[in-house]
Amino acid sequence: MANFSKSQVPQFSVEVYQNEFLPEGGREVNAIVTVTSTGGGTTGGIPLADAAPAYGAGQGPGAAVVLMVDCSGSMDYPPTKMRNARDATAAAIDTLREGTRFAVVAGTHGAKDVYPGGGRLAVADAQTKAQAKEALRKLSAGGGTAIGTWLRLADRLLNSADVAIRHGILLTDGRNEHESPEDLRAALDSCVGRFTCDARGVGTDWEVKEVTGVAAALLGTADIVADPSGLAADFTRMMENAMGKEVADVALRLWTPVGVEIRFVKQVAPTVADLTARRTEANARAGDYPTGSWGDESRDYHVCVLVPEAGVGQEMLAARVSLILPDPSAAGSPQTLSQGLVRAVWTDDMVASTSINPQVAHYTGQAELAQVIQQGLDARKSGDFDGATAKLGRAVQLASASGNQDTAKLLSKVVDVVDAATGTVRLKAKVAEADEMTLETRSTKTVRVKK
């Protein structure tokens, strides 16, 4: 990754929302940390009046993108699926910013870089885009599915370029049947921290947990495109988002004093992602949690720590949250882009110590919503219909209370809602496979808290 001066890096801000008051002897401190980046690619509705200068086309840190297209035999059923995949990849190539390095990989039980070939990356311009689209027209379906093999080739291609942003886009229509789950896991482990990746499942014959697992491990997005005709629009949006990224490898650094235990660190918006186990030690008292690449956007994180017991009137710094841009050279020091403080104050004011911060309450509910949807769908698949009804009823209740209308609509295709406020539902006798897979794939999407 290139080394940026502070004037080149998009501006980051950190805001901390919490109730710092604890009762005597209280230990658990919760905070929602909102991180906002401005001054990168597309504005995303964020004012840029005070932002750092943005990179222009072909300037700045540079980016490399590899598009992995499933070319297994099932892509020919129906034949329109392969045609739509070619068209979608072509639309994504048209969206590439001039100067971006790129390659196209055809994925089967093996992986082949069909453009530009030879283990190289092309540089996007009018000529190379036209050549890539010509290569796409020659793609045909045949063979199996081994996603880990595709990812390993993408990793080799992406890391041949001296660029800041390395990104993959992966499309599959089937289950990963030509390599073991352990092989896929090993491939993902080898790619973690080296590039980000968005993953899409087309149709309904793929495995949700495989596609979402790729996106979660590589800090990208996952979604279903049930109707292949929607692929081109989806690929265009994905590539526009990738082209909006301006800084990579940003870490959320959590410093805690002696005696403070970390319960968890989770991203809670725009999706739920538990980062707790992904900590890398920065020094004796601090650890880094990966956040991936940033453009103009805002995300929310839930930090929960346990502090030592203390008496009324005592106060302490429970944690310091910083946004860190590591220096690629071992000799350099990382840049601190912004930081915020999490506090603990012990009080005998019962009203103060028992009130729950609105942001904390909202995102605690959103995390539970994602969890109970997964539990409910798993119970339904295993034939535990009472358990499924209870969990999906709770999901309906949480979605209704938090105003998560998109999730509420998806739930209504799996259950008949009797009373959303109490979570009273009945399982539908027949559920379209696409509807169930859409709910499962999008279960971690959250709504922002109304501040």
Side-chain angles (χ1 to χ4, degrees), residues 70 72 74-75 77-78 80-81 84-85 145 147 170-177 181 198-216 221-231 233-234 270-273 365-447:
D70 190 337
S72 61
S74 57
M75 287 292 287
Y77 300 96
T80 51
K81 196 190 292 181
N84 282 310
T145 303
I147 293 171
L170 184 149
L171 171 72
T172 184
D173 83 321
R175 293 172 175 83
N176 200 47
E177 294 175 338
D198 294 323
R200 294 294 185 268
V202 60
T204 57
D205 293 328
W206 49 280
E207 178 59 50
V208 171
K209 287 180 173 58
E210 288 175 354
V211 169
T212 56
V214 169
T221 64
D223 207 350
I224 178 174
V225 186
D227 183 348
S229 66
L231 276 174
D234 185 75
T271 58
V272 176
Q366 293 290 286
E368 184 190 353
L369 173 60
Q371 182 181 48
V372 293
I373 288 173
Q374 290 290 333
Q375 291 172 339
L377 291 175
D378 287 345
R380 186 178 178 278
K381 290 173 187 174
S382 69
D384 177 9
F385 299 123
D386 289 342
T389 302
K391 293 294 184 183
L392 295 174
R394 176 62 176 156
V396 166
Q397 186 181 33
L398 289 165
S400 174
S402 64
N404 194 332
Q405 295 179 352
D406 288 343
T407 300
K409 288 177 183 175
L410 295 175
L411 282 162
S412 70
K413 295 183 178 182
V414 177
V415 297
D416 292 316
V417 179
V418 179
D419 186 342
T422 61
T424 305
V425 302
R426 288 190 299 266
L427 294 183
K428 286 184 181 292
K430 290 186 178 180
V431 176
E433 193 170 15
D435 290 337
E436 184 174 7
M437 291 178 71
T438 302
L439 175 60
E440 185 176 2
T441 307
R442 298 179 183 173
S443 62
T444 59
K445 292 189 176 181
T446 57
V447 290

Check: Passes side chain to side chain contact (heavy atoms under 4.5 Å, CB included), Val211 versus Thr172? Steps please.
Finding: CA-CA 8 Å; Val211 169; Thr172 184; 3.8 Å; yes
Note to self: Around atom NZ of Lys413, are there more than 12 heavy atoms from other residues, nucleotides or ligands closer than 6.0 Å?
What the structure shows: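 Count not over threshold, so no.
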Notebook entry, point to check: Does anything in residues 436-445 pair up under salt bridge (charged side-chain N to carboxylate O under 4.0 Å, His left out), and if so which pairs, sequence neighbours excluded?
Noted result: Lys209-Glu440, Asp223-Arg442, Asp223-Lys445, Arg380-Glu436, Lys381-Glu440
Do side-chain atoms of [X] reach the backbone of [Y] as a donor and acceptor pair under 3.5 angstrom?
X	Y	value
Asn84	Thr80	yes
Lys81	Tyr77	yes
Gln397	Ala421	yes
Asp70	Asp173	yes

Margin query: I need the Leu439 CG to Gln374 CD distance, nearest 0.5 Å.
Written below: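 If I round to the nearest 0.5 Å, the distance is 8.0 Å.
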Item checked: Gap between atom OG of Ser443 and atom CD of Gln375 - 0.5 Å precision -> 11.0 Å
Next item on the list: Under the salt bridge (Lys or Arg N to Asp or Glu O under 4.0 Å) rule, collect the residues that match up with Lys391, sequence neighbours excluded.
Entry: none
Tell me, do [X] and [Y] make a side-chain contact under 4.5 Å, heavy atoms counted?
X	Y	answer
Trp206	Thr441	yes
Thr407	Leu398	no
Glu177	Thr145	no
Val225	Leu171	no

If you look at every heavy atom in [X] and [Y], which pair is closest and at what distance?
X	Y	value
Ala434	Ile224	O-CD1, 4.0 Å
Ala395	Leu369	O-CD1, 3.3 Å
Thr446	Asn404	CA-ND2, 4.0 Å
Leu392	Val425	C-CG2, 4.4 Å
Ser402	Gln366	OG-NE2, 2.7 Å
Ala222	Ala215	CB-CB, 3.7 Å

Next item on the list: Go through the side-chain N and O atoms of Asp384 and Ser382 and say whether any donor and acceptor fall under 3.5 Å apart.
Entry: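 No donor-acceptor contact under 3.5 Å links the two side chains.
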Notebook entry, point to check: So Asp416 and Lys428, side chain to side chain contact (heavy atoms under 4.5 Å, CB included) or not? Walk me through it.
Noted result: CA-CA 6 Å; Asp416 292 316; Lys428 286 184 181 292; 2.6 Å; yes
Check: Who are the side-chain hydrogen bond (donor to acceptor under 3.5 Å, both in side chains) partners of Ser229, not counting sequence neighbours?
Finding: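 Counting only residues at least two positions away or on another chain, Ser229 forms a side-chain hydrogen bond (donor to acceptor under 3.5 Å, both in side chains) with Asp227.
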